[in-house]
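All chains are named by letter (A, B, ...) in the order of the sequence lines, taking the proteins before the strands, and each is independently numbered beginning at 1. The model shown is predicted, which means the values in this text are computed figures rather than measured ones.
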Number of protein chains: 4
Amino acid sequence: MATDRAAGRPRDRRTHEAIVSATEEMIMLHGYAGTSINAIASRAGVGKDAIYRRWPGKPELVYEALFARVDTGPVPDTGTLAGDVAQLTQALVDEFATPAATAALPGLLADFAADPALRTRLRSAFLAPARARMVEIFDRAGARGEIAGTAQVDLILDTLAGAVFFHVGLMGEPRTAELAAQLADIVTTGIGTR
Amino acid sequence: MATDRAAGRPRDRRTHEAIVSATEEMIMLHGYAGTSINAIASRAGVGKDAIYRRWPGKPELVYEALFARVDTGPVPDTGTLAGDVAQLTQALVDEFATPAATAALPGLLADFAADPALRTRLRSAFLAPARARMVEIFDRAGARGEIAGTAQVDLILDTLAGAVFFHVGLMGEPRTAELAAQLADIVTTGIGTR
Amino acid sequence: MATDRAAGRPRDRRTHEAIVSATEEMIMLHGYAGTSINAIASRAGVGKDAIYRRWPGKPELVYEALFARVDTGPVPDTGTLAGDVAQLTQALVDEFATPAATAALPGLLADFAADPALRTRLRSAFLAPARARMVEIFDRAGARGEIAGTAQVDLILDTLAGAVFFHVGLMGEPRTAELAAQLADIVTTGIGTR
Amino acid sequence: MATDRAAGRPRDRRTHEAIVSATEEMIMLHGYAGTSINAIASRAGVGKDAIYRRWPGKPELVYEALFARVDTGPVPDTGTLAGDVAQLTQALVDEFATPAATAALPGLLADFAADPALRTRLRSAFLAPARARMVEIFDRAGARGEIAGTAQVDLILDTLAGAVFFHVGLMGEPRTAELAAQLADIVTTGIGTR
DNA sequence: GCTTAATCGAGACGGTACGTCGCGTCTTGCA
DNA sequence: TGCAAGACGCGACGTACCGTCTCGATTAAGC
């Protein structure tokens, strides 16, 4: 009979939360590059070790603080591929175009891309929920006969995410209300006829 | 009347070239984050001042070393919007998906996005040539009656660039030969029916 | 009336011994500065608290592990002052010039000297047995008429101990067999004629 | 023809002096263990690199700041061995029993003894001037016929230095005015009759 | 030919952040 | 209460870059 109970003093949940909150605040206030582990620890009232004990470095910490939300919402099901993709694209906009995400994403994606160990997790870290939904959406659309054959889920998802990131996150274009609808329209139409 | 000729010893053209070459090599060898001004100067056999005299910092230097190529090629003119967009997309792939660009772009875009002074130059720095071409392509397509009204050049360009950057630059998907064609197809079809 | 017996679980004698042994080994292997409480606890298979429950810190622990031997041997009594001092000096060499003492003493004395609470115990901690013997030796020598008046025990003891510590412990001079005899000779002669 | 001129910006003499002064002050105020490189740099208004560029670590820095005085005084020559040794011993007291030396020496000697690279320099670092003088003093005494044969300079010097260090530096005995005379007397008499 | 002034390589400078280590205290569950 | 384990806040460590500065030497243009 195995005991899963870890030996020693258990990690304090409040320490964890203080770090995550301080990270969020620092990112919003000073951006990704302007956020140092030292400053996070100081603002959280925590030793640096408490951070390094939990995360290997800044990228992993910031990712968890800002993007590791469990996606619990229902999969879009509007009855049409266009409607479903529009809803999913809106979710991407909600994830990538918030002030916090805009402040963090460029630097964060750069750090993930630069580190071989993190690089392999890029897709699963940032696009996993959207991808699962997209697979289901496309399956239903195939069952309805809206599309034929195998859709290239990854390419389409990268296109949507890349468009949102580039347009709003990097170029700083105002996040117009219709952005998701426009992108979804382009992509849905674009793949529909193939 | 005085000449514009600056007094004192003129800058050595070879110094400039040595810096640019060393920058390229360092980026290829150690990536953007692993490339320091110190190391560039040392590899170029040059003092740090010689770099800071010419560029304000690493982002501007790397940008000029890798992306400031003058785009002298002719604007695509295949007779159809789809063909023109495909050629233009291929040019984007050629620019964004080379080994050097893959090594430099994530960190470089992050630095541009983080600095207010650089942020305003993002579009003009990385997409200016493509944008000029795209305007011309769309004008011709409009004249031919292929599309109606004003196309959203920036959104479409950001979508194409974002897709290429995300798919190949970040996610590291193998740069298949058909990538440009597939993207161009999706986007052309997608905007054609509106 | 209550007993002095402490409540709760009594301390484990083997824990004590394991700590002392681990301390000795660590000092021999890595020196005083290279010996951390963490490492001692780990090597002893013991929690850090078990150490801090018994000793206030590293200096006290190392002192007890290496120098708190109860000196049970008989007081030298060779019949002459010179002979007695020679034996006593040899005991000092035996205490200060062993490999373990050489490894521990410089750092240990520094820590004692730096801490006001420990500073007052320096003489009693390291020289108490020798001092008691020296007082007795000098008393007998006085009774025999070898010396007159009050000898400055502390100064002479510090001279002998300082000479041994400096010569062998710090300077690392080979511990020649005649060292104790030479020192005892110098000092005995030096004080004998006053 | 060789140029000894070092390339690059020369080191600033005032930086050097500010570091040395700050080190002295810190040692006096907080002792050896309580003096950190960080604090020295901060007090001197200097970057840490400026310190590590000049000294490998705290021991070397403190040594130079407090003990590397050039000894320019004349060699004692009173006409008798006893008088010369008394003067030399007084110089040792002056060096080892000042407030600054008392604050620094125990920790400093411990660090020197613990590091193999520094260990070899112990004698030359702390006793070189005194040793040169002692050799000369003994030569003269030999010429005068006061002593015969080869005196063990190192052992005698270590005895004197060890006595001073132990008695005043470690045990904190008040530095009585007669200390040097007493020690010199003991040692001179002690070696004279052999 | 001389003066003037900017440029050159080199490297020192004050800072800031890094990731690690040791300190002495504390909080678990078990004995 | 003791015990092993290990989390905790703290602060020093030595390193690496940053962007600026100070050296002596070099290199043209204008007098």
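By the 6.0 Å and 45° rule, K58(B) stacks over the aromatic ring of Y32(B).
Per the geometry, CZ belonging to R43(A) stands 14 Å off P belonging to dA17(E), to the nearest Å. Atom P of nucleotide dT25(E) and atom CH2 of W55(C) are separated by 15 Å, given to the nearest angstrom. The distance from atom CG of L61(A) to atom P of dC18(E) is 11 Å, rounded to the nearest whole Å. The CD1 atom of I40(C) sits 13 Å away from the C1' atom of dC23(E) (whole-angstrom rounding). For the pair D111(A) CG and dG19(E) P, the computed distance is 10 Å after rounding to whole Å. Distance CD1 (I51(B)) to P (dA10(E)): 12 Å, rounded to an integer number of Å. In this structure, CZ of R14(A) is placed 15 Å from P of dC26(E), rounded to the nearest angstrom. Rounded to whole angstrom, the span from the CD1 atom of I37(B) across to the P atom of dT20(F) amounts to 11 Å.
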How does protein contact run along nucleotides 5-11 of chain F, one letter per nucleotide 5' to 3', with B for base contact, S for sugar-phosphate only, - for none, heavy atoms under 4.0 Å?
BBBBS--
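Along DNA chain E, the nucleotide closest to Y52(A) and the one closest to K58(C) are compared, and the more 5′ of them pairs with Y52(A).
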Audit row: E25(C), H30(C), side-chain hydrogen bond (donor to acceptor under 3.5 Å, both in side chains) steps and yes/no
CA-CA 8 Å; E25(C) 295 161 16; H30(C) 303 109; over 6 Å; no
